[in-house]
Structures are given as structure tokens and as C-alpha cells.
Protein chains: 2
Amino acid sequence: MAGRRDEILDAFVRSVARRGYERTNFADLASELGMSKGTIVHHFGTKDQLLRELQERYMRQRLEEAKRILAVTQSAADRVAALIYAGVFYQAYHRDEAVAFQREIVHLRDSPALEDARKMRREYSELVTAVVRDGMADGTFRPGDAALMALMFYGSVQWMWTWYEPDGRVAPEALAAQQVDLVMGGLMAGSAAPLDHPRLAKLVHGALGL
Amino acid sequence: MAGRRDEILDAFVRSVARRGYERTNFADLASELGMSKGTIVHHFGTKDQLLRELQERYMRQRLEEAKRILAVTQSAADRVAALIYAGVFYQAYHRDEAVAFQREIVHLRDSPALEDARKMRREYSELVTAVVRDGMADGTFRPGDAALMALMFYGSVQWMWTWYEPDGRVAPEALAAQQVDLVMGGLMAGSAAPLDHPRLAKLVHGALGL
DNA sequence: TACCCTTGACCGTACGTGCGGTCAGTAACT
DNA sequence: AGTTACTGACCGCACGTACGGTCAAGGGTA
């Protein structure tokens, strides 16, 4: 029953990943699938709707994945690490979906039609933030703004799509491991001398003439 | 003599930041600037050329900024920290340019016309990578793949544009400080128990049915 | 000073085309 | 008979860009 509908959505995802939303058009899609333009319209109505289903499917998958991970982990450290692993694996093993979503992420901010996807996204970040907050509360993590921390370290995974090459020399597992190490332990070796932030800020302001 | 040229490019940047490249059109641009569509064509020829100048100007600025920063810092730790500060400040104080560039970053990967911008980008990442490598060599940083580390922590700054709100409650300085602390010291408090990566990888694989 | 000539910024319109979406109709299944 | 799947011709328009011009400024020449 899935039949053509899913086939169309998959082709759409592939095309958005490669060419972007604006450059993706019904005619190409149809000819690639050996069907008529009308068929696509029949199943989805508008291009917006296709994008909407793309985004919702993506967020649903990522959310479900996160919940499964939380179900099999306990400590905050394990959870953060496992969430990063999952993020990296998703980029590696569902490359088209990851690229398509992240490329067109702006729509998620602007379009009113994407409220559902936006809600799932909020739920996702609250979930990650909660893990970080728990870790800070029980002393595993340094204190700080949990929501900001979550956004920041998760950002580096989200940004991966711009530089990651599936057939590169680094295996996803190794990549994820380095990513986890960076987020957990940072760059510094051993006991870090605390940084003098006011000095740094002033220095950079000066250098840039701000 | 520069005349309207710069004015046009600025308006283009603003429009790309808000609406994206595809949705930016000459007619809107022209009417916003109170000039004719033909004038834009006269100065730039094609839309591609406008994008090209946008990307090149951005990369030139960032590269110059990085060089200025390296000129006033010595230690690897200071350098990494200052580069992050600069990145965050750029997002905050040159918001339109940052958003416009990052939104349309795909073109940098695909378009042959953007070779110059691509070259500058490569130069930029080699520069950051070199700083990380130096820090690893002199024992300031933990050992690891310097290029990968550079990509990862820089990614979290690049991703900022998707969530940063200029009029939010967090000042750019505070934001940069947290970002630096995360990159330098990681999430973990005190002496981190080393993570069991094979166990984590297996666990995540299992949970996701990969 | 008066003349002409060149240059280049700028304008307005017209054109081609790419593309999203409509619609009337056929075929197959239930 | 009703419903669902699919077709392909067609429409309308948005938009990049080509093109034929206008106009003001500057500079050389007489």
C-alpha cells in the first residue's frame, strides 16, 4: 500500500539533498520515477506538503531514536555520549535525509505550516537539555547554562553535513568517538589553567576594531 | 565612483539572509533601492556574480580577521579561544552576512565559479587546524586528529545562526565564554573517567537496529 | 567660450523559459 | 457504481536577462 507514495517522498528527499528545495521540481522527479507529474500532485498536492512530510518524518525518526537511547542508558555521561553517537551515525547512514533536512532548516524557523515539526524539534532539544541539566545537578558535568551547552555541542554534529564525506578515510565510529571525547573532555590536556575571559574578550575586540 | 554598487551588494546580502538566494530577485531588490532592475544587471551581470561577490567578501573578511588574531596571540589555547570569540562576535555583529553565507554554503561545495572563495575557505581551516596541531604538539591539548577537532568545534560556532537571536537574553560575550569553556574543558567536571567507546558504539548500534 | 565626442551609470521594456499547479479523462479495483 | 491511481495536455506567471535607449560629466579642440 505504501507503494508509490513513499517512493515519491524518498526521491524528493534525495533530490532536496542534492539540489535543494527550490531547484527540486516535479518534472524531474516524475521522469526519474517513470511517472507523470500529475501523480505526484495526486499524492501530495503541493511542494510545500512534500517538504512538510520530509521534515516531520526526519524529526519523528530522530525523536524516536533519542527515546530509545534514553531507555537503554542511565548516567548523564553515557546519555550524552550515546546521543552524539546516534547523531553521527544518522549523518553517516541516512545521509540524504540528514542533508536534506539540514540544508532546508530555515523553513523550520519561518514556515507556519511546519508547526508540528517545530514542536518535535523543541521536544528534542528539551530532551537533550534535560540530560545535560541532570549531569550538572549530580556533579558529573561542570555547572553552566544547560540549554546553551546542548545547543552548542549538538551544533557541531548538525554542521557535519557540510564537510563529512561518506567515503572518506575516517569511519563513522572513529568520528563519533573523537566527537564524544571533545565534548566530554574538551581540548585541554590535564588540569586546565582557567581562561581569563575578560582579557580575551578585550583582546579580540581590539584586534577586530569592534 | 563606487556609487550604487556597494549599496546593491549590501541589499543583496540582506535579502539572502532573510529570504535565501533563490527567493531573492532583482525586481524586489531594485524597488527596495529605488532603482531599475537594469542597473543591477549593469553592475553585476548575473545573479551568480552577486552570490560570488558575497561569498568572497565574507571569506576575505573572516580570513583577515583570523590573521589579525594570530598576530596578537601566542599560545595555542589563547589562539583557539580568540578564534572562537571572533566567530561568535561575527555572528552577532555581522548577522546578515553570517546568515547569508552559511545559509547558502552549499554553493561553495558545488559551484565551479566559487573556486576563489573555496580556496580562502581551505586556507582558513588549515589555519585553524595548524593552531590545534601546535597545541597538541606542545602538550597543551590532548592528542587527536587536529583537522577533525578543528572542524568539530568550529562547526558549533557555524551552526549558531540557526538558533542565535540577537536580542536574546544572552550577551555575545557570555555566549562566547561558554563556548570557549566547552571547547577547552569539555562537559566533564574534574577528572573524567575514560569512556568505554566500543561499549557505547555497540549499545547505540543495538538501540537503533543498525 | 562654444562645440563635439566619448564614457558609463542608469532606465524601461520585452522576451524566453522554467515551473507549480489545474483539469478532464482513462483504467483498474472493490 | 463508486473510489482510487494515474495520465498528459495545458495554463499563468514569476523571474533572469538582453537590449535599445537617455542623460550628465569630462575632455579635447578651435
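Note that this is a predicted model, so its numbers are computed, not measured. Chain letters run A, B, ... following the sequence lines, proteins first and then strands; every chain starts at 1.
Ring geometry, B:Tyr93 versus B:Phe89: the interplanar angle falls from 30° to 60°, so the pair is classed tilted. Relative ring orientation between B:Phe12 and B:Tyr21 is described as perpendicular, the plane-to-plane angle rising above 60° on a 0-90° scale split at 30° and 60°.
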Sugar-phosphate or base contact per nucleotide [nucleotides 2-20 of chain D; S, B, -; heavy atom under 4.0 Å]: ---BBBB------SBB---
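A:Phe101 has its ring centre no less than 6.0 Å from the ring centre of A:Tyr90.
In summary, the side chains of A:Tyr85 and B:His205 do not present any donor paired with an acceptor at a separation below 3.5 Å, with no hydrogens or angles considered. A:Gln49 and A:Glu53 share a donor-acceptor pair across their side chains, judged by distance under 3.5 Å alone. Looking at B:Ser156 and A:Ser156, their side chains never bring a donor and an acceptor atom within 3.5 Å of each other.
With B:Glu115 as the partner, the salt bridge (charged side-chain N to carboxylate O under 4.0 Å, His left out) test is satisfied by one option alone out of B:Arg52, B:Arg121, B:Arg122: B:Arg122.
For residues 103-113 of chain B, the side chain to side chain donor-acceptor pair (under 3.5 Å) pairs, not counting sequence neighbours, are B:Glu104-B:His107.
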Kindly give the atom pairs (protein nitrogen or oxygen, nucleotide nitrogen or oxygen) under 3.5 Å for nucleotides 28-30 of chain C.
none

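With rounding to whole Å, B:Ile8 atom CD1 is found 10 Å from C:dA9 atom C1'.
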